[in-house]
Each structure stands twice: as structure tokens, then as C-alpha cells.
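Chain letters run A, B, ... following the sequence lines, proteins first, then strands; residues in each count from 1.
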2 protein chains.
Amino acid sequence: MAERAVAEPAVAADPLGTVLRPVRGGNGFEEAVERLLQVVRLGLVPVGGRLPAERDLAGRLAISRVTLREALRVLHEQGLIESRRGRQGGTFVRAAPPPGAGLPVDAAGLEDLLRFREVLEVGAAGLCARAGLTGADAALLRARLRDTGDAAIDGYRRADTLFHLALAELSGSPSLARQYAAVRARLNELLDGIPMLIRNIEHSQAQHAALTAAVLTPDAPRAEALARAHTSATASLLRGFLS
Amino acid sequence: MAERAVAEPAVAADPLGTVLRPVRGGNGFEEAVERLLQVVRLGLVPVGGRLPAERDLAGRLAISRVTLREALRVLHEQGLIESRRGRQGGTFVRAAPPPGAGLPVDAAGLEDLLRFREVLEVGAAGLCARAGLTGADAALLRARLRDTGDAAIDGYRRADTLFHLALAELSGSPSLARQYAAVRARLNELLDGIPMLIRNIEHSQAQHAALTAAVLTPDAPRAEALARAHTSATASLLRGFLS
DNA sequence: CTTCAATGGTCCGTACCCATACCTTAAGTC
DNA sequence: GACTTAAGGTATGGGTACGGACCATTGAAG
């Protein structure tokens, strides 16, 4: 139990504070900026790709176009996106946001992130395995696995993210998928500041294949164990680099 | 495709929709109403108890006092709270919100709720066991367990909720605790519409004791298995009643 | 009995956000 | 080439929420 020396502020359990926290994450358009950054950090829209049209985006985020455009203006000023008019126009992703662009992460925040991620990742694998994936869902997971194999080095993070996100979405719990997306975006932001080794990628790739197999067998305990092992690798990596 | 007949809208995995969803949960004071209802449904403030002062509440929720008071007015009109002025004044909880006061839950929503709850519950137990609880934290968990034993029948739900919430808060992941609080509030809303049997309570109580023992041993796999068994009992109960 | 402090109750000017309509640009379509 | 369409760009009036100050009420402290 020598670990956890990192973040131990004697939790003290403040249940009221757990519920009575700010209802708003920020100044309206700031939330929109955050969501758009999530889309890019998760690789849902790759660099060079096109975001949905403004009217569509505003509708999805349930904000007015004016507010959305304010958010887009911020991203444009940072050189992350570019807009073109005309029939084939739209808003295009020019570059990935720099690592550490968001709020700085302290030790407690990192511990929160890594633990919550482990729970969601293991939970998603377990739910998928226990429910059993139907033909179409199983095919989707296999396709995402294949993508991680086909991906080049600089595209691996994106393929990896999409694989795990697919698993979360196939878990049958949209709430879990939403939380995983948010957590994974924060995680990617940190990982982007750390070099990637070919050896790690190969190992990760083997784990993905084994995890997929266990989920599709289905063998829930094995899927959960594999998911836990897979996440703990990244966890130690990050705990090492950010301390 | 006959399996998983319960909630199967052919997931189809829409990653963009997972992130690009409304940034606001409601009309400002509606969110405040929801949070205050959570506090009551979780039993953080028991019936008859006093909520924090308006200025404090407004600060915690990061909304203006005007907006907060609009939320309080709604709850007052429903006879749930009552305000008294003066030095020993405050806002007091008069009654628990009626079951089914929130949005109606369809089959897909119920499945989402139950699955996510299982993941969080099992995850919290696992995290606590794997990290090992320190003296003060272990004492808190034991105290909450004792409360569930001391509780009368009509107070059992509250004690049960506080026990599980404590476990979530001791997991070392505030994010997990926040999500669990939200999920558990929704769950309690549904459970309040179902009669409670003494036999169920006794069984539940035994499971709590075993879970606490496994967490403190610590025996992570056993803690996780017990948490899963404990949640699946309520899950089948609810699946049965709401179908 | 006076004073003080903690609380709920009220008001106002400011800033943000929204809904809606209209304009501009560019690529297809006929 | 004229027209249509899908996209970004712009302008305006109204509603909502905020911050801060002030008032009213009650009980405790001195």
C-alpha cells in the first residue's frame, strides 16, 4: 500500500459538497469551446476534417448560433479551425490543440482522472461481455480494432481512442459513454505531452485484440481483467511523467 | 437478434452525438431545483432538517441568489420546503418529493441507469479495497454501516444511500462520487414507488456487512463480487416492477 | 433592555444569451 | 449562364441571470 502516497488529502467525505457544486461549468460559450475541443482531442473529427455546420452544431449543443460562433471565434484565433463559405464550405479542423491547453492538472486531479477512467473502462468491458454483443455491434468493435492495426504511428492515438469509445458506447449505458468521452478527452490532453514508443503501441495493440476476443467470447471476468491491465499501463506511465 | 430484448435501440454508436449534446441541462433555476431535490432524495438533509443558508447555497451552486430563490419558490409551492426568517431561521425540508416527480423513465433510460449504477458501485468498492482505507476513512465506513443497522424501517433508505455514497466518496475519485450521487438520486426516486419488505432489508443489511468486511480486509475481487450481487438484487426488482 | 448578528426578502443596472431574420459567398443543377 | 442550395456572416430586440446593495425579522449576547 505504499502507492497512493500521491494524493491523500484525508477525503473527509463531504456529501453535501458532492451534490452542491456549481451547476454551470463556465461562461456558456466556454462550455461550447470545451465540447469542441473534446471532439478534436477524441479524434471524432480528424485534423483536416469538417465539423458539422454551424446551425447543426448550435442545435446539438442547444445554444444559439451567436454563442456558438463566439466559441468558434476563440478556436479560430488560436489557429485550430478555419471556416470557408459557400456550398461546400464549413468549419475545418486545422490543427490539434496543444497539450496542456486546458486547466493544469494537480496530483489529486490526476488521481481522480486515472481512477475514474479505470472504473469506466473495466465497467464498459464487463457490460459488453455480460450483455453479449449482437452481430452489428460486434462487427463495429472488430472494425475499430482493425483500425488500430491499420493506423500509422501518428494516427494511433486517434484509433486507440475510437476503439475504447466504441466499447463504452456499446455498453448499453449512454451515461457511461458520455462520462468516458469526457474522461478520455482529458486523458488524451495529458498523453499528447508524452512521447509514444513503438514498443508500447505493439503491446497495446495485442491487449486490444485480447480484450476484443474476451468481450466477444464472451468471458466477462477475463475482459475486465484485461481492461484493468490495459489501463494500469497508461496509469503508471502518467503517474511517472507528472510527478 | 432476439437476445437483449429489453432495451435495444440498435446502439449504432454515434460518437459525435455522445459529445455534441446540450451543454445546459435546463433553464438555470431548473438545474438548481434538480440539485436541491437530489439533496433531499439522497437524504443528505433529512425531512425536518435545515438546508444551508441562501447565500451559502447560491455560492455553492455558483448561481445568483435571485435565481436560487426562484428555485426555492418552486419547491415551496410544492410544499417540500419552508422558510423562516430571523437569526435561527433558514430553509427547512418539510416533506420528501413524491416518487415519479421527475422525468418519466422509459425502458432504455432504466437500463442506462441500472448498468451505470452497477459500474459505479462495483468500481467504488474495488477502488476502496485496492487502495486500502486509512484509519479515519475505515472508521467512517464502519459508522455508516452501523447507521444502517440502527435505522428504523422508514429511515432505512436514507441510511442505505449514505452508506453507498460514503463508499463512493472514499474511492478517491470525486468524479465517481459525483456521478454516483446523481445516479443514486434517480434510483431512489424509482425505489420510493416500491414497497420495502423487512426480509429485503435484512438481506441487504447482511450484504452491507460482508461488503464492508471485504473492503477493509482488503479483498478487492470479493468486494467487487459482493457489490455486483448487491446491485443486481435491486436491478431485478426494478426491472420487474417497471415493465 | 439594547445591541448585534444571521437569516430571509426585495430592488436595480449591467452583461450575457437567445430567437429570428436577412445578407454574402460559392458550388452545384438545369 | 441563370437558378438553386448550402454554407458562413451580420444585425436587432427581448429575456434571463448576475452582482451588489439594501430592507425586514428574529433570537442571542452583552
If each of A/R24 and A/R50 is mapped to the nucleotide of DNA chain D with the nearest heavy atom, which maps nearer the 5' terminus, i.e. the 5' end?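 Residue closer to the 5' terminus by nearest nucleotide: A/R50.
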Mapping A/P52 and B/R87 to their closest nucleotides on DNA chain D, which lands nearer the 5' end?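 Final value for this comparison: A/P52.
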Using whole Å, what does the distance between atom [atom2] of nucleotide [N] and atom [atom1] of [X] come to?
| X | N | atom1 | atom2 | result |
| --- | --- | --- | --- | --- |
| A/E30 | C/dA15 | CD | C1' | 14 Å |
| B/N27 | C/dC17 | CG | C1' | 11 Å |
| B/L51 | C/dT7 | CG | C1' | 14 Å |
| A/E31 | C/dC16 | CD | P | 16 Å |
| B/I63 | D/dG20 | CD1 | C1' | 16 Å |
| A/L61 | C/dA19 | CG | P | 13 Å |
| B/L68 | D/dC18 | CG | P | 10 Å |
| B/E54 | D/dA17 | CD | P | 16 Å |

Heavy-atom closest contact (B/V40 atom, B/P97 atom, distance): CG1-CD, 3.5 Å
Note the angle between the end axes of the helix from C/dC1-D/dG30 to C/dC30-D/dG1, five pairs defining each, rounded to 10 degrees. 10°
Does B/R115 reach the side chain of A/L176, with side-chain heavy atoms less than 4.5 Å apart? no
For DNA chain C, whose closest nucleotide is more 5', that of A/R85 or that of A/E70? A/E70
Please figure out whether B/R55 or A/F29 has its closest DNA chain C nucleotide nearer the 5' end.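 Its nearest nucleotide being more 5', the pick is B/R55.
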Polar side-chain contact B/R65-D/dG19 base: donor and acceptor under 3.5 Å: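 No, the side chain and the base share no sub-3.5 Å donor-acceptor pair.
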With no hydrogens and no angle check, do the side chains of B/S175 and A/D112 hold a donor and an acceptor under 3.5 Å apart?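 A pair is found: one side chain offers a donor N or O, the other an acceptor, under 3.5 Å apart.
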B/Q205 versus B/T148, side-chain donor and acceptor atoms under 3.5 Å: yes
Just say parallel, tilted or perpendicular for the rings of A/Y156 and A/H208, cut-offs at 30° and 60°. parallel
Option passing side chain to side chain contact (heavy atoms under 4.5 Å, CB included) with A/L80 (candidates A/V93, A/V33, A/L36, A/L37):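 Single pass found, and it is A/L37.
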Atom CZ in A/R117, atom NE2 in A/H164: separation rounded to 0.5 Å?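 Here the interatomic distance stands at 6.0 Å.
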State whether [X] places a side-chain N or O below 4.0 Å from either non-bridging phosphate oxygen (OP1 or OP2) of [N].
| X | N | answer |
| --- | --- | --- |
| B/R69 | C/dG9 | yes |
| A/Q88 | D/dA7 | no |
| B/T91 | C/dG8 | yes |

